[in-house]
Number of protein chains: 2
Amino acid sequence: MSTKNKILDAAEVLFSDKGFNGTSLREITSQAEVNLAAVNYHFGSKKELIKAVMSRYMNELSPRLESALGTLCSDEAKPSLIDVFSAFLDPLLHLNTFKDNGTSIFLQLLGRGYTDSQGFLRWFLTTQYPNVFTNFTNAVHKAYPELSAEEMFWRLHFTMGTIVFTMSSSDALIDIALNDFDRQVDIAGVIKQVIPYVAAGVAAPIVK
Amino acid sequence: MSTKNKILDAAEVLFSDKGFNGTSLREITSQAEVNLAAVNYHFGSKKELIKAVMSRYMNELSPRLESALGTLCSDEAKPSLIDVFSAFLDPLLHLNTFKDNGTSIFLQLLGRGYTDSQGFLRWFLTTQYPNVFTNFTNAVHKAYPELSAEEMFWRLHFTMGTIVFTMSSSDALIDIALNDFDRQVDIAGVIKQVIPYVAAGVAAPIVK
DNA sequence: TTAAAATTCAAACAAGCGTTTAAAATAGCT
DNA sequence: AGCTATTTTAAACGCTTGTTTGAATTTTAA
């Protein structure tokens, strides 16, 4: 295992757990059992390391997501909103085969990135992977064409908030579910619970 | 204006903007034009200052919220979910008269607190202000009794995520709405948009 | 007015941060 | 083998962090 990958593996777990600001390079390098200076040697800076951690996941996810949403758009049949959101399920769960707990880690990273660091990750994702966003918007528009661009804007951001926030605290929530309901839930179970919620939210009657 | 209040006023704005970890005591005290040591003298520690900032809002909000949700529960008529979520509107907007931009600041603080600091604010709120949570749960149950406790648990957390995440990035979203749609939106407008969304989400068909 | 209490202040503290340096070690190549 | 380029290492850098100190100042009350 290369030093670079040892760093990435340790960093993604710590970042997802304690946030980007909350994780120091010393924690990462001691967890990875490499020298402190290795981060700056291989990645240049902490900021670049964060980008590298996210890129590793996005490069795995984004083609599958584009494909899934793309076929939904090119199909003749009009998809339901449930179809649109369900299209995320397989690409996201595929991250679990790509890496242990990959789905959960990635979604937590996403949540961290949106609130930490004053939105620089938002910029990074929307500029580096714009196709995912436009494909998603198009798919939702096809499923619910009555929604105006402005209403769509708000509801998609509400949806993003639901997903990202839920996933960034999913470990705590899964713990509570285990204690209060004796129910063993995994990340796939949470995603399946959230899909009808966001689909119904986006499909809500248009407010006057 | 007392030193204590000068600190609280400066802290809440900086905390809501840059998070708890992202704001230093030196930024706060220089913004408040007080000595650095004043924070530790008056509050004991940074953590206690964070609690004090949140308490000032919660003490203003929680009785109004309990009352609004309480009457909803004690009324004979069965409320709609829209009624339940709308009950938050007045108490939240009241924070604007209590303080300039109070609603927005408080909701952003809430969002920060849920992701920063590994959930210690979640513990603080649920243990210090438990009535708000139980009243809310009861009101939702009355509006939608078919929902099981477990499903309710998940959907209420999805809702919390939607609200908190949206509000913590509401400034950025309001900016985008201004640029893309020439639409001047304020925090009350965002709240009114989000109510039908979360109401529909909670009311979504029960997943098998 | 005077003594005690509360508050403010400048300064320093120890600890942690990301980053840089230059020497040591390793690897790749002719 | 011997030279070059790459990588690893320990140490230190400069800076920021939250907190503490003890003296100066202001406020309070008798």
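Chain letters run A, B, ... following the sequence lines, proteins first, then strands; residues in each count from 1.
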Task: Assigned partner base of D:dT8, Watson-Crick or wobble definition, under 3.5 Å - done: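 C:dA23 - that is the nucleotide pairing with D:dT8, both distances being under 3.5 Å.
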
Which distance, rounded to the nearest 0.5 Å, do you find between the [atom1] of [X] and the [atom2] of [Y]?
{"X": "B:N40", "Y": "B:E48", "atom1": "CG", "atom2": "CD", "answer": "11.0 Å"}
{"X": "B:L110", "Y": "B:M160", "atom1": "CG", "atom2": "CE", "answer": "8.0 Å"}
{"X": "A:Y129", "Y": "A:N59", "atom1": "OH", "atom2": "CG", "answer": "4.0 Å"}
{"X": "A:L8", "Y": "A:M1", "atom1": "CG", "atom2": "CE", "answer": "10.0 Å"}

Side-chain atoms of residues 189-203 of chain A: list all donor-acceptor pairs with protein atoms under 3.5 Å, sequence neighbours left out, distances to 0.1 Å.
unit_1, atom_1, unit_2, atom_2, d
A:Y197, OH, B:T159, N, 3.3
A:Y197, OH, B:T159, OG1, 2.7

Task: B:K99: side-chain hydrogen bond (donor to acceptor under 3.5 Å, both in side chains) partners, not counting sequence neighbours - done: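 So B:K99 forms a side-chain hydrogen bond (donor to acceptor under 3.5 Å, both in side chains) with B:D9.
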
Taking distance alone, no hydrogens or angles, what donor-acceptor pairs closer than 3.5 Å link side-chain atoms of residues 82-95 of chain A to residues at least two apart or in another chain?
unit_1, atom_1, unit_2, atom_2, d
A:D83, OD2, A:S80, N, 3.0
A:D83, OD2, A:S80, OG, 3.2
A:S86, OG, A:I82, O, 2.7
A:H94, ND1, A:T97, OG1, 3.4
A:H94, NE2, A:E60, OE2, 3.2
A:H94, NE2, A:R64, NE, 3.2
A:H94, NE2, A:R64, NH2, 2.9

Task: Set of residues satisfying ring-ring contact (aromatic ring centres under 6.0 Å, His included) with respect to B:F98, sequence neighbours excluded - done: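 ring-ring contact (aromatic ring centres under 6.0 Å, His included) list for B:F98, sorted by chain: B:Y57.
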
TODO: State whether B:H42 places a side-chain N or O below 4.0 Å from either non-bridging phosphate oxygen (OP1 or OP2) of C:dA6.
DONE: no

Task: B:T3 vs C:dT8: side-chain N/O to OP1/OP2 distance below 4.0 Å - done: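 Result: yes.
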
- [ ] Would you grab the first and last nucleotide of DNA chain D (5' to 3') that comes under 4.0 Å of any non-hydrogen atom in chain A?
- [x] D:dT6 to D:dA12

Open item on the list: One character per nucleotide, please: for nucleotides 17-28 of chain C, 5' to 3', B when the base has a protein heavy atom closer than 4.0 Å, S when only the sugar-phosphate does, - otherwise.
Closed with: BBBBB-------

